[in-house]
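Accompanying notes for the structure given below.
Only this structure's heavy atoms are used, side chains among them; waters, hydrogens and symmetry mates stay out.
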Amino acid sequence: MAEKTEFILVEQTDNVFEISFLTDELTESAEDEFVSMSSLLFFQSRNHIQVDLSSLSFVPFSFLLRLLNLAKDLRAKKRVLVLVGIPYSQFHFLDRFQLQKVLFETESGFYRSLKDVDYPKEESLS
């Protein structure tokens, strides 16, 4: 199944539905489309969900909270939400409050999805 809508593309591989954004910014209609598609996948399948955020130039905090709620609901059903291409600021937020445990079954899965991204290193103040 590969379903292409106006703002997102959904593909199925093995036991994972991969959701990719076709636009570079997250508008309200794109977010509504994501919510309806993720709800459909949540209720009508038993597969894991992978969201590719690499095409988005900015991920709003409200959308990140929506993803965390989806991850929590998936974990209750013994499924996993995988984020690919998450920006450094959101990665730092998840790491700071130890929220990656909500998103990923194992820590290696989280870092495996981020291995191709080269984040700048923070400089020390000393």
Check whether [X] reaches the backbone of [Y] with its side chain - one donor and one acceptor, N or O, closer than 3.5 Å.
X     : Y     : result
Glu25 : Leu56 : no
Glu33 : Ile8  : yes
His48 : Arg79 : no

Which distance, rounded to the nearest 0.5 Å, do you find between the [atom1] of [X] and the [atom2] of [Y]?
X     : Y     : atom1 : atom2 : answer
Gln50 : Thr13 : CD    : OG1   : 7.0 Å
Leu67 : Leu94 : CG    : CG    : 9.5 Å
Phe43 : Ser38 : CZ    : OG    : 9.5 Å
Phe34 : Phe21 : CZ    : CZ    : 5.5 Å

Quick one: does [X]'s side chain get under 4.5 Å of [Y]'s, heavy atoms only?
X     : Y     : value
Met37 : Phe17 : no
Leu41 : Val10 : yes
Leu26 : Phe7  : no

- Partners meeting salt bridge (charged side-chain N to carboxylate O under 4.0 Å, His left out) with Glu31 (sequence neighbours left out): Arg66
- Query: Going through the checks in order, is the side-chain contact (heavy atoms from CB on, under 4.5 Å) test met by Ile49 and Asn47?
  - Reply: CA-CA 7 Å; Ile49 297 176; Asn47 296 350; over 6 Å; no
- Task: Apply side-chain contact (heavy atoms from CB on, under 4.5 Å) to the pair Val35 and Ser39, showing each step before the final yes or no.
- Result: CA-CA 6 Å; Val35 168; Ser39 299; 4.2 Å; yes
- Message: For Leu68, run the side-chain contact (heavy atoms from CB on, under 4.5 Å) check against Leu99, Asp73, Leu81 and tell me which one passes.
- Response: Leu99
- Task: Give the cluster check for Phe58 versus Phe63: same hydrophobic cluster or not, with ILVMFWY residues linked at side-chain heavy-atom distances below 4.5 Å.
- Result: no
- Message: Applying a strict under-4.5 Å side-chain criterion to I, L, V, M, F, W and Y, I'd like to know whether Val16 and Leu74 cluster together.
- Response: no
- Query: Restricting to pairs with a member in residues 51-64, which pass side-chain hydrogen bond (donor to acceptor under 3.5 Å, both in side chains), not counting sequence neighbours?
  - Reply: Asp52-Ser54
- Task: Over 60° means perpendicular and under 30° means parallel, so classify the ring planes of Phe91 and Tyr88, tilted if in between.
- Result: tilted
- Task: Would you check, one step at a time, whether the test side-chain contact (heavy atoms from CB on, under 4.5 Å) holds for Leu70 with Lys72?
- Result: CA-CA 5 Å; Leu70 175 63; Lys72 184 182 66 129; over 6 Å; no
